[in-house]
Amino acid sequence: MAAAPASSPVEFLLRRPPPRQRRRLPLAGAFFAPTGLSGAQLLRALASLAADLLASPRPPSQRRNLDALMRRLALLSALLDSLLLALGDEGEGAFSDAANLCFRELYVVLFRADLLVSYVASAGRAWALLRGPHLAASFRDLDAELAVVLDVLPAASLRLSWDAAEHLDLLRARCRRRAPGQYHDPAEAALRDRLLAALRHFELGQPLDHSKLKSLLVQIGISDAASCRAEIEYLEEQILSQEEDTDLPLVGGVVALLRYCLFSLFDPGNTKASRVWPSTGDRQRLLSWSSSDDSSFSVPKEFSCPISLDLMRDPVVVSTGQTYDRPSIIQWIEEGHSTCPNSGQALADNRLVPNRALRSLISQWCGVHGFQYDSPESNEGMIECVAASCSGKAAIEANKATARILVRMLVEGSDSEKPVAAREIRLLAKTGKQNRAFIAELGAIPLLCRLLLSSDWMAQENAVTALLNLSIYEPNKTRIMEQEGCLRLIVSVLKNGWTTEAKENAAATLFSLSVVHDYKKKIMNEPGAVEELASMLTRGTPRGKKDAVMALFNLSTHPESSSRMLESSAVVALIESLRNDTVSEEAAGALALLMKQPTIVHLVGSSETVITSLVGLMRRGTPKGKENAVSALYEICRRGGSTLAQRVAKIPGLNTVIQNITLTGTKRAKKKASLIVKMCQRSQMPSALALGSTLTVVDHSLVGNSTLRRAASFGSGELSNPVSISVPVP
């Protein structure tokens, strides 16, 4: 039996691109003083940095600590101005080496201060409240660093004026004075306590009345739907950033509370919908605009992968220091290359280090142009973080209250409100099986099915994606399949959906539903279902092809699938997909399952190109892909008779591939590879004797407790156009 596809329905949790990454807490990590600056130049750089900090707008969070920092910076700025005035036209040698060293360290401290102020300014208000003690500790550490630099500053060698010396003494005294509670802001602490109390009310199933909730939000700085949604997105971003000391259940509870407030206190229809990054087809059009006069849509060369020339989603650094998009460089390495594509240098190892700085710049560029940046992290890690954030009692109860509002909007809302409700249900259904369970229990599935007929593209797209996310929870698969007309409507979206994403998510929904064996035949018998999956596999986007091939693979596991796949042209689509790196592994697995019918065996085995592609996949694929290819080749030899077995035996390079499989393949792949050897030997025996050829049997002694493996040698030669696999994160 062919190996199951690596992707599972749970991967579709990540259908919506995550929000773009913002800065993490800035005082961690190493910073370097500016080189090549000393004397007057260094003082001017310090004075400029201090002046910029003083002129920067002060965010509402951490006001007490920010005000104290600005008072210190004002004294420091006055001191620097006095030094510059006294220095006059003197050159770089005006200060001793010790003084220049201290000024360089002072530059590092000011740079850290700038990062800290920027972090507080960019942080969401709710996040700043939750992280209040950590931010206060950062300000305390900053004062300590400034005090150390000022203490070792050789004031005697600077020839300070009376005013400058007074400024320095006052600044030293203020930095040394760090009384207990100095960095604690009672007002912010009280506001944080009120926020936590509101969460406790939800835990008890007793949410605060709307007037008290609104008063709390206004004091936090959330006064309308737009600011509320911005806070939600920022907090979700922090959940996905996986900072080590983040209390995920607490942050998830605040997200759920704010989402409830968004729909119970504000008008969510007033928020501006964010534009998601275009699909592959749209991206090609976007990139084509870069040659036009509208340079605002040009993708900077530095952000494009040198291999694929596409915008990098997950930039990584290889051992030579060059940066590539992770999927592209992984494919390059899996194809057997051992050199850096850009520099040609040999790769010392295959280790890939995330280039977080470049990823942040790409994220900011996408943000400027109004696109959310799809920055893939580890699916498993992200799903764990999202699940952990939804596990708290407060989050569960708040999400239930929100779901009731959203379902009521689907029933009673206006035509403009229903797409908003579908979108929010789609997002809510991404996180945690509890959410998927009670959304369905509230009766959302039949209401979402009606929106599949909508002439509003946004309503249709969000409805089908919401059904996809809901279907991840096993009991909901039954609810969807038993809902009258729902399967027919999903197939209708697959065929005639308003957007590419709607069609792709309809295919993904069929894949999710086809996991249940009892539903495979029902899906195959639905008019147009298999035909449209085959069409998407042939002409869809890379993500659409992946969704379609996984659905077809699942359907192929049904014992009665062969004739339906043949008459719907799905078999032809699967054969053609063997040459597509993205879907070749699943296509080979599906064909191996379908070749129980002689017609399909001869259709697949009659093409030397198909056999060559399967052998290439055996050579270059992942362990799963190799197993699928071996299974397909085994079925050709087993059911196609001696003619097809001889055709397989004559493929150049098969001997080396078979030997590698018998040594390194999975248990099932090894077994079928040895059976292929025997069938090819039997098919070639008469002609081999007549021609005087010999069949060489190679014995391989393996290390340890392994047994001897035998494989036939059929000839030599290298495969051209090898096939590899590249699995994108949905």
Please answer whether the main-chain N or O of [Y] pairs with a side-chain N or O of [X] as donor and acceptor at a distance below 3.5 Å.
X	Y	value
R313	D325	no
S568	R564	yes
N469	R426	yes
K545	T538	yes
S471	L468	yes
N505	V464	no
T666	A669	yes
T465	E461	yes
K520	L555	no

With side chains defined as the heavy atoms from C-beta onward, is the minimum distance between [X] and [Y] less than 4.5 Å?
X	Y	answer
K670	K667	no
N628	L591	no
N399	F438	yes
K626	V657	no

From [atom1] ([X]) to [atom2] ([Y]), nearest 0.5 Å:
X	Y	atom1	atom2	result
K430	I472	NZ	CD1	10.0 Å
D547	T509	CG	OG1	9.0 Å
T499	W457	OG1	CH2	7.0 Å
Y634	E627	OH	CD	13.5 Å
M458	R423	CE	CZ	8.0 Å

Run the salt-bridge test on E586 and K546 with the 4.0 Å N-O cut-off and return the result as yes or no.
-> yes
Flag the pair K522 and E526 as a salt bridge only when some basic side-chain nitrogen lies within less than 4.0 angstrom of an acidic carboxylate oxygen.
-> no
Sequence neighbours excluded, which residues qualify as ring pair (Phe, Tyr, Trp, His ring centres under 6.0 Å) partners of Y473?
-> none
Name all pairs fulfilling the salt bridge (Lys or Arg N to Asp or Glu O under 4.0 Å) condition that reach into residues 412-422, sequence neighbours left out, sorted by first residue then second.
-> none
Considering the options I425, V407, L442, which one meets the side chain to side chain contact (heavy atoms under 4.5 Å, CB included) requirement together with L447?
-> V407
Pairing residues for R479 by the salt bridge (charged side-chain N to carboxylate O under 4.0 Å, His left out) criterion, not counting sequence neighbours | none
